[in-house]
Structure formats: C-alpha cells, structure tokens
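By convention in this document, chain letters (A, B, ...) are assigned in the order of the sequence lines, proteins followed by strands, and residues within each chain are numbered from 1.
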2 protein chains.
Amino acid sequence: MTTRWLDDTELATWVRLAAVLELLPGVLDSQLRRDSELTHFEYYVLAMLSEAPKHTLRMTSLAQQTNATLPRLSHVVRRLEDRGLVERFPCPEDARATNARLTAKGWEKVRETAPGHVATVRQHVIDALTPEQITQLSAIAESILSTLDPDGNLTALYHRYDTTPRPDR
Amino acid sequence: MTTRWLDDTELATWVRLAAVLELLPGVLDSQLRRDSELTHFEYYVLAMLSEAPKHTLRMTSLAQQTNATLPRLSHVVRRLEDRGLVERFPCPEDARATNARLTAKGWEKVRETAPGHVATVRQHVIDALTPEQITQLSAIAESILSTLDPDGNLTALYHRYDTTPRPDR
DNA sequence: TGGTGATGGTTGTAGCAACAACTATTCAAC
DNA sequence: GTTGAATAGTTGTTGCTACAACCATCACCA
C-alpha cells in the first residue's frame, strides 16, 4: 500500500485549512469568555436550547446536537444549572430520561450574548469573503461533512433555515 | 450599535463550517492516537521539527509555528523527551534559549506516522472535493487567515512549497 | 559595573474533557 | 411476572491545557 501524497495545491489548501482549524476556535472562545463568561461549548448548549420548542431538550439529543458525550454534557449542564442558566427535571414520558430547560435568566443570557458572537463570526469569516466565496464555502463544507456527519446531527438546527433542504432519506 | 444578523446563506455557511470545525479535529486526533499513540499537537510538533534544518528549532519559534504557549510546549516536549522522540539542549548562541531536536527514533516515528495521517486528510477533505473546490478553498482559507494569522506564523512551513508566493510586505 | 527592564524557559496549580464504572429504568422474551 | 439486555444519566479518575509565579540571561545605559 503506497501513499498518495498531497500535490502542491492540495498541500497548500490543507495547510491553510489546518491553520483555520487551529486558530478560529480559539478566537471564538476568547470572545465569549471575555464578554459573556461562557465557553464556546456552553454557549452552543444554551443556543441549542434557545432554538428548541419550549426551550427544552432531552440530554441525549442535546448531546447529539453538540457532538458531546453524555458524561461531558452532564458536567457542563450541572455547572450551567449552578449558575441559574438552565434547569433539569425528569422527563414525564420516560423516567430514565432527563430534560434540560433554559431558565428566564438563561434566555436573557443568550439574547445578550448573541450579538457579540455574531459580530466575531462576521469579522473573521463572513466579511472576509465575497458573496461568491460564501456560496462556495457552503458547498465545500457540506461535501466535507458528508463523511464527518452523514446524519447531519450538528446541522440539524440549521435545516429549518435551509431554503433548499436535502432530499429525505 | 445594532447587530447585523446573518442572512440565510451566510447562516447556512457558518453552521456548516462550525460543524467542520467541531468534527474534523477530533477525527484527525483519533486516527493519530489510535495508530501512532500521538495527539495531533504532538504530531505537529514532531512534523515541524522534521522540516527544520538539522531537525532542530528554538522552543520559542516552535511555539509560534504550532500556535502554542511556551508553558504548553514545554510540558509537551518534556513528555516527548521522556519517550525518546525529542531531545533538548541549551542553545550555544543564547544561554537563555533551549533548542529542541528530533532524535533518530523521533524521525523514524514521523516517517511511519505520516502516511496514515495523510490518508485521513485525503479521505475526509481532499478526496471529498473537486479540484476546483480545492482551489476555491485555498483562497477562502487564505482570506480568513488574513485576520487570524496576519504574519503567517502557522503557514510559514508551507511557504516553501508555495508555487505562487505572496508579494513581499 | 551594576541596575533595570525585557526575553526565554520551567515548574506548580486549577479547571475542563475523555474514559470507565456505576445506578436506575425500560423493553422484550419466555 | 421475572430475567436479561439495552437505554439514559451521573459520578469518580486520569491526563492535558491555561494561567501564574518563578529563575536565569541578555541588552541597554547611567
């Protein structure tokens, strides 16, 4: 089994993408920590809840949407609960399950945090690209995701906004 | 100061890119841990050394190229040293500085690790895209990096492979 | 020469994430 | 109904990263 190495163009692309992968999460995280005392993951958890019906989700589905293991989510939600941003209660339909719900304070937190986060995304991604490039990047990311996230767990939320939804499976 | 929210296309693009940001590092890390018992960061440190003259770099410049803080790099290099993959010695020109150098065993490790890593990159990124998309992504990533890494620290290595180098500044 | 600030690096401590072990509930089969 | 397997979640341990404190050396200059 001989290795197919990357040619010049492929290597250049990969090195640049790897650099984005390395730097962008840190920038997003810093802004949120600094301005809202939230990690990027915590913000994402709150954001998912804020988009859910009744601001409520089962722990399991929340874990799927955020690409977290259940143990990790459990710890994070407990900390958010300690801060009064989220509350947990047993699921009525399934006594094994636990629901997480955004509190009023948590909802408030999301609303005051979102503008700064969006501004950061704009500054470092959207506004750095031309409209054409944004369209191109959308297709590129979708292709990459076809192997990474074939069921679309992480983009489930977005599909409600999608004007050209995927065919049903 | 009113917020400029993302329109549908922008949001779709961002959600997908965010998903890639979330998933891809984990996939790369898993493959390296499983097949070579290295974290992605450790592999990157070894790779940078393997590309350097005499397989040697100052800790400070190694930290820059890998986007690490000096304390973090210090810990990681110590562990790599314990495993016999790297050795440290005082810099002759500056008694404050420390040089890190790849050992023969470390060089061997890089050579046997690279094929699997490249295969993973191919599988999840390069081979998922058309040649046109690869070119597009290269330009897109470069635009994004212009605000994230204006000095090109993380892509310094690559510039030697670049067939169309940037204009001097 | 001998202070002062800046640079280069290491070590100790605290917090977060991955993994494993455990409890409790549900579902299916007999 | 009772046993066994699968599901849902929590809690404890280990390892890595960020942050802070610290030491040594260099460069500058009075």
Task: Residues that B:F41 engages under ring pair (Phe, Tyr, Trp, His ring centres under 6.0 Å), provided they are two or more places apart - done: none

- [ ] Take the protein atom CZ of B:R78 and the nucleotide atom P of C:dT10, then report the distance between them rounded to whole Å.
- [x] 10 Å

Open item on the list: Is it the case that the side chain of B:K105 and the backbone of B:R83 share a donor-acceptor pair, with hydrogens and angles ignored and the cut-off at 3.5 Å?
Closed with: yes

Task: A:S138 and B:R16 side chains, donor-acceptor separation under 3.5 Å - done: yes

Open item on the list: Between C1' on C:dG8 and CG on B:L62, what's the gap in Å once rounded to a whole number?
Closed with: 14 Å

Open item on the list: For the backbone of A:R4 and the side chain of B:R122, can you confirm whether one donor and one acceptor N or O come within less than 3.5 Å of each other?
Closed with: yes

Task: Side chain B:T56, main chain B:A52, donor-acceptor under 3.5 Å - done: no

Task: Sequence-aligned protein contact record of nucleotides 16-22 of chain C, with B where the base is within under 4.0 Å of a protein heavy atom and S where only the sugar-phosphate is - done: SSSBB--

Open item on the list: Below 4.0 Å from chain A heavy atoms, what is the first contacting nucleotide of DNA chain D and what is the last?
Closed with: D:dT7 to D:dG12

Open item on the list: So for atom CD, which belongs to A:E108, do other residues, nucleotides or ligands contribute more than 12 heavy atoms lying within a distance under 6.0 Å?
Closed with: yes

Taking distance alone, no hydrogens or angles, what donor-acceptor pairs closer than 3.5 Å link side-chain atoms of residues 73-80 of chain B to residues at least two apart or in another chain?
none

Open item on the list: Using whole Å, what does the distance between atom C1' of nucleotide C:dG15 and atom CD of A:E37 come to?
Closed with: 15 Å

TODO: Can you tell me the distance, in whole Å, between the CG atom of A:L70 and the C1' atom of C:dT23?
DONE: 14 Å

- [ ] Give a yes or no answer on whether the side chain of A:D149 reaches the backbone of A:L154 with a donor-acceptor pair at less than 3.5 Å.
- [x] yes

Open item on the list: Can you list everything that forms a ring pair (Phe, Tyr, Trp, His ring centres under 6.0 Å) with A:H117? Sequence neighbours excluded, please.
Closed with: A:H40, A:Y43

- [ ] To the nearest 0.5 Å, tell me how far B:E10 CD sits from A:I134 CD1.
- [x] 5.0 Å

Task: Contact list for DNA chain C against residues 83-101 of chain A - heavy-atom distance below 4.0 Å - done: A:D94, A:A95, A:R96

